[in-house]
Each structure stands twice: as structure tokens, then as C-alpha cells.
*Asks:* 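Here's a structure for you.
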2 protein chains.
Amino acid sequence: MEDVRIEWKALQEFTAKVFEGLGMPPQDAAKEAEVLVWANLRGVDSHGVQRIEEYAKRVDAGIMNPQPHIQVLKETPATILIEADRAFGPVVTTFAMEKVIDKARKVGIGWGLIRNTTHQGAMAYYTQMAAARGMAGIAVVCSPPNMAPPGARAAGVHNSPIAIAVPGKNYKFLSLDMATSVAAGGKLHVAIDKGTSIPPDWALDKDGRPTTDPKKAVFLQPAAGYKGYGLALMFECLSSLMVGNPLITSTLLNQNPVAPGTQNSFVGAIHIGNFTDIEQYKENVDRLVTALKGLPKIEGVSEIFVPGEPEERVYEDRIKNGIPLPIGTVEKLRKAAERFKLKLPPGL
Amino acid sequence: MEDVRIEWKALQEFTAKVFEGLGMPPQDAAKEAEVLVWANLRGVDSHGVQRIEEYAKRVDAGIMNPQPHIQVLKETPATILIEADRAFGPVVTTFAMEKVIDKARKVGIGWGLIRNTTHQGAMAYYTQMAAARGMAGIAVVCSPPNMAPPGARAAGVHNSPIAIAVPGKNYKFLSLDMATSVAAGGKLHVAIDKGTSIPPDWALDKDGRPTTDPKKAVFLQPAAGYKGYGLALMFECLSSLMVGNPLITSTLLNQNPVAPGTQNSFVGAIHIGNFTDIEQYKENVDRLVTALKGLPKIEGVSEIFVPGEPEERVYEDRIKNGIPLPIGTVEKLRKAAERFKLKLPPGL
């Protein structure tokens, strides 16, 4: 069955209504919907509206909090420490990012730690908030373990993603958003759904052996072995340990059991204008892209890409032509519409 | 021929004298020697005293500046921008790190940009300066391109390393220091010297094909493909572009030719005590190590390592039993001794 194309704005409005139905204040529901649909617009469907069903279950189970009491625990001119009270990631993280952008404007850098958040969604969203304001943005999130350190036949770290974005001039952004595993967890689910095999470097089976059968995949493999593992581990130290909420240790040693879905995160903004001329910076980003795209190519390669470019192309298509939704996602939206007595977006 | 073991302190004093001979003030020479010998002590011999000969040539050629006019161009409570005037990396970077540590103590984070430095040496040194003061340390350095973006048969980015360190309690540090390429460039030289082949994912030949012959290797391959490439590219944006000294673009587009050996760098310190209890943090690092080392292992694997641990073991051996120097390095030291009329360390 062919995917249905849905106009993004209608999808976003519908999604916001679902979150209102789940008990979120309208402004928060709108933000959550915006971040999810933004992921769909960029082709990152794993972090898009297909999450609605799972989020609803987590709200019902008391794991995600639609009405959190978000608290600023500590603040300096350059830093902020926030207790998220199990808020939806986008709600607390956009709040944190606004704060660190303000700080960066005043003292050159702003650094925010977020404790006890839940699913952060597409991390690139937050870093592009900074880039849109003439800043470099950084964001990292950590969760309980799902990735095996080299030599282990057990999960020991999370495949924590890092996102970094900077602004260009004609070229809107350079925007990296990468997991520290070879492949994101969502790709395993896609392979299972499609009945296809996976490359042997993606995951390990229960005995720690590389597997090409996604159904036997139990632990993700780190990107570049020790390097992906090392980054993931240091990210846990810079986020979870920094906020006194160690997710990996608590899980592995069975101390202070972690509520399912708990995450910790940090976000940073660096004010480019504090260090150099911002217009020149943006031109330099454009020139860097031009230089890279002009490199001699390996035979058979049609183009050299820069971070965020493939997603930006999908964005340009989907903003005009709508977001294609597979039947599984459509079913999830129909269920949500039924539950909250909502009208589905046109086309569904 | 077997390697000669040299007592580290004698080697460091000798090395400092060489740098004094090259025109450095005694304090700077001592710092440079300390950072080089520290790398040797940790087994990172590629960044150790074997660099002396190359550095001497670069001083003679006016590329590295033994008497730089280091200038603070801009400073806020949280940031600092430093013109290095082609200083030796360790001289300007230890200066920068002290500054950002001070700032972090006051406002929670310090962020330093260094423009126009030269070879930074082992980046872990700077991050451990922060960790020794109860902080998380971050350091990145960028250089002209030596690594091929996916699809290119030319260098487009540098295999810029990132180092991150945090303090533990009984377990001294977690200390990551990784290049964004699969293998560091120095490993190719070692393979050439030994006449061995290299794995096919390390480097490309002039046509952009993977090669197992280190003599045919022209471009490094990024770690985990797009991920290593993406990180390296964003690091250039966070350092070189941030200080208005774009190394990649200038090299690729032949604009504003880059003086050989030029690097730009950033260093950061995050004051752990600003966010959480520092003693508890250190205990949490210890617990994290314990948890990871206790994971079930793949058959045949004897131990799971954490970042910095292999280097720390070498350190413990070499601090007691001396630093083994291969004959090639000994020759370089002899030449330096001759040039500057110095007594070689005992054993040489």
C-alpha cells in the first residue's frame, strides 16, 4: 500500500490536539507537535508523529509528564541547571535552549544541564534554534544502556546522540545529528518490519556475536568501536553524572532504579559574534560547503554532502508536497483521533 | 635492536634544554618538554620526544615560534579569545586552559578559542588539567585537510581529535582522546617503518580506493564514515571559523594561503561543583567504571576497558621502569644533543 501524503500544517495541528488531549497545556502541546512534525519534514520519521502512540502509553503509565513542574535549580551568568520533572523533551529543552542563548548573548557561551527529562526527539531542532540566532548550538542526550562496549556481551552505554549546528549565509545551516552507534535503534525496527537483514556491524546477539538477523539483535554496536563507546561514556559523565542522576550505573548495578524513559541532557550555545564577525562567519560556512562539494569525487559518486544537507532536501520536498505517512503510522493517528474525538487531517 | 629505557625525568630535563637551545624561555621549554614526555609516559609515542627533530626544523623555518607574542584579544567572564602567534601548542594551550578553569570556577563554565597555534601535542594533557581541578575538560584542535569526506578522492577535512576528561576518586580519570579518523596518521608511518600492511578501512590511495599498502595511502578515512567526517567538519566550524582563520577553505580554494603547521583550537572547562556535589561525582565515576568492568564479556575477551585506562597502565610502568625509545628516536635525540652541545640523558 502506498504512503499517504499529508500537508504538514494540518498534521501539526492535529498532533497538537492529541497532546492537549493527553493533558498538556496548549502552548506545550504546540511545541511538542512542532518538534515531531519537523522531524518528519526532514525525513527523520523515527522521531516524528509515529511516536504519538508510545508517548500516549507513557503518559498513561505516569512515565512522561504532560504537566511538569519545571524548576531552575541553579543559575549563573553562563550556566543553568534544570529539573525537568519528566517533562516531554521538547518542552523543557526549548526552554533550556532559550535560556542558554540569552546567556551566550551576554557572556559568549551558555551551558544548560537538564535532569530527568523524557524523550528528547530530534536533537538537531535545538541546535538549529541557536544557529538561527547567529550562534553555534550543541546538544547531547543520555539514556539507560542499549549499546555494548567493545568486548562486552551486554549493554553498557547508551548510543547517545550529539547534535551540532552553525549558521551559513545562502546555505542555511551545517547541522550534524548523529548517534554514537553504527546505526540508530530505529533502523533495526524498520528492518524487522520489512523482513530484511542488517549489516553485521550494526548489532550483537545475546552472546555478543555480530548478527545480520534484526530479530536476534539485542545490543547496538558503537560507531568506530572504542570511539563511539568512548564518546557515549563521556557524554554520560557530562550529563547524567553532572546532574547527579547516573543512568548507566543505576541500571547496571541495580541501585536507585531508573524510571523507564528517563533521560538527562546538556545543551550549549556559543555566540559567534563574541569571537568574530558573524557575517564573515556565515560567508565562511558557505565557502566551506562550496570547497567540499567541489572536491574530486570517487568514480560513481555523484555528490559530496555536508551535515544536514540530505535532511534539508527532504524538508524542501515535504514542506511543498506533504509528509508521506506509512500505513502503520496512519493507524496510530486514527487510534489517537478516536480516543480524543478529533477530526483527522485532510487526506486521512 | 632493542629499545633503550630512559628515566623520564632525565629525558624531560634534556628535552627542555633542547627547546631552550631553540630559543624558548626556560619556563616555556619546561612546559613543552613536560607535555611531550607525558605523551611518552602514556605510550603515545607519536606525540612524544620523537617530534623534537620536526619541531626544530619548523622553528628554523619560522613556522613554529619559540618566542611568541601571545595576546588575549577578547575576554568575558566565561570566554577568552587568544592569538597564539604560532606558539608551540602546549605553551599557549596550558595558558588558555588555566584561564578557562578560572572562569569555570566563577561562572560554571569557561570556553577558550586559540587562533594560530602550532602542533598541540597530546590533547588529553589539557583536559586532565581541568579534571585534576575537579572539572570536566574538553579540547579540540583543527588543521588543514588530511582526511577524505565520504565520496571524495581528496582530503577535505582534518582528522581533528577531541579529548574529554573527568575526575574519579580511586580511579583517577576517565580520559578520552580520539582522532575522528579510523586510525591516527602516525600509525601509517609506523606501518611504513615496519614494512607491514594496513587494514583497508584506514586510508585511501590517490584514486580514492581503499588500500592496504601504507606507502600508497594518501588520504585518511573518517571513523564511521559520515560520523567522523561530520564531527571533523563541525570542529572546524567551532574553532577555525570561530576565530576567523578558516584552514580548510583557505587550503582547498587557495585563498589566503595557510602557513604550514597552523592550527586552531578550543578548550573548555565545566565546573562540576557548580552543578552537583564533586565528591559524589567522583564516586559516581568510580561506580561507572566498576559497572562497566563487571559486564559479561565476549568469549576470549579478558577485560573491558574505559577511556584512558590502557594509557594509564603504560604510564604506571614507564614512570617506574623508564621510557623505551626506539633507535630512530635515539638518533634524533643524539642529533639534538650535538647541535645544542648537550649531555644526553643517562643510558643514551
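Throughout, a chain's letter reflects where its sequence line sits, starting with A, and its residues are numbered from 1.
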*Asks:* Looking at Pro150(B), Ala179(B), Ser302(B), Pro145(B), which has the largest count of heavy-atom pairs under 4.5 Å with chain A?
*Replies:* Ala179(B)
*Asks:* Report, in residue-number order, which members of residues 110-117 of chain A are under 4.5 Å from chain B by heavy-atom distance.
*Replies:* Trp111(A), Leu113(A)
*Asks:* For Met234(B), is it the side chain, the backbone, both or neither that has a heavy atom under 4.5 Å from a heavy atom of chain A?
*Replies:* side chain
*Asks:* Between Glu299(B), Lys297(B), Gln280(B), which shows the greatest number of heavy-atom pairs under 4.5 Å with chain A?
*Replies:* Lys297(B)
*Asks:* Identify which part of Ile298(B) has an atom lying under 4.5 Å from any heavy atom of chain A, answering side chain, backbone, both or neither.
*Replies:* both
*Asks:* Should Pro149(B) and Leu292(A) count as side-chain neighbours, where that means a heavy-atom distance under 4.5 Å?
*Replies:* yes
*Asks:* Heavy-atom pairs under 4.5 Å with chain B - which of Leu252(A), Asp201(A), Val289(A), Ile162(A) has more of them than the others?
*Replies:* Leu252(A)
*Asks:* Pick whichever of Thr290(B), Leu81(B), Leu288(B) has the most heavy-atom pairs under 4.5 Å with chain A.
*Replies:* Leu288(B)
*Asks:* Less than 4.5 Å to any heavy atom of chain B: does that hold for the side chain of Leu231(A), its backbone, both, or neither?
*Replies:* both
*Asks:* Can you tell me which portion of Ala148(B) sits under 4.5 Å from chain A's heavy atoms? Options are side chain, backbone, both or neither.
*Replies:* neither
*Asks:* With only heavy atoms counted, which part of Val306(B) is less than 4.5 Å from chain A, the side chain, the backbone, both or neither?
*Replies:* both
*Asks:* For Val182(B), is it the side chain, the backbone, both or neither that has a heavy atom under 4.5 Å from a heavy atom of chain A?
*Replies:* backbone
*Asks:* Among Arg209(A), Lys227(A), Arg287(A), which residue forms the greatest number of heavy-atom pairs with chain B at distances under 4.5 Å?
*Replies:* Lys227(A)
*Asks:* For Ile164(B), is it the side chain, the backbone, both or neither that has a heavy atom under 4.5 Å from a heavy atom of chain A?
*Replies:* both
*Asks:* For residues 243-251 of chain B, run the donor-acceptor check on the side chains, cut-off 3.5 Å, and write out each pair with its distance to 0.1 Å, sequence neighbours left out.
*Replies:*
residue	atom	partner	partner atom	Å
Asn245(B)	ND2	Asn264(B)	OD1	3.0
Ser250(B)	OG	Pro246(B)	O	2.6
Thr251(B)	OG1	Leu247(B)	O	2.6

*Asks:* Side chain, backbone, both or neither: which part of Ile272(A) has an atom under 4.5 Å from a heavy atom of chain B?
*Replies:* both
*Asks:* Under 4.5 Å from any heavy atom of chain A, what part of Leu73(B) do you find: side chain, backbone, both or neither?
*Replies:* neither
*Asks:* If you draw the axis of the six-membered ring of Phe305(A), does the NZ or CZ of Lys293(A) fall within 45° of it and under 6.0 Å from the ring centre?
*Replies:* yes
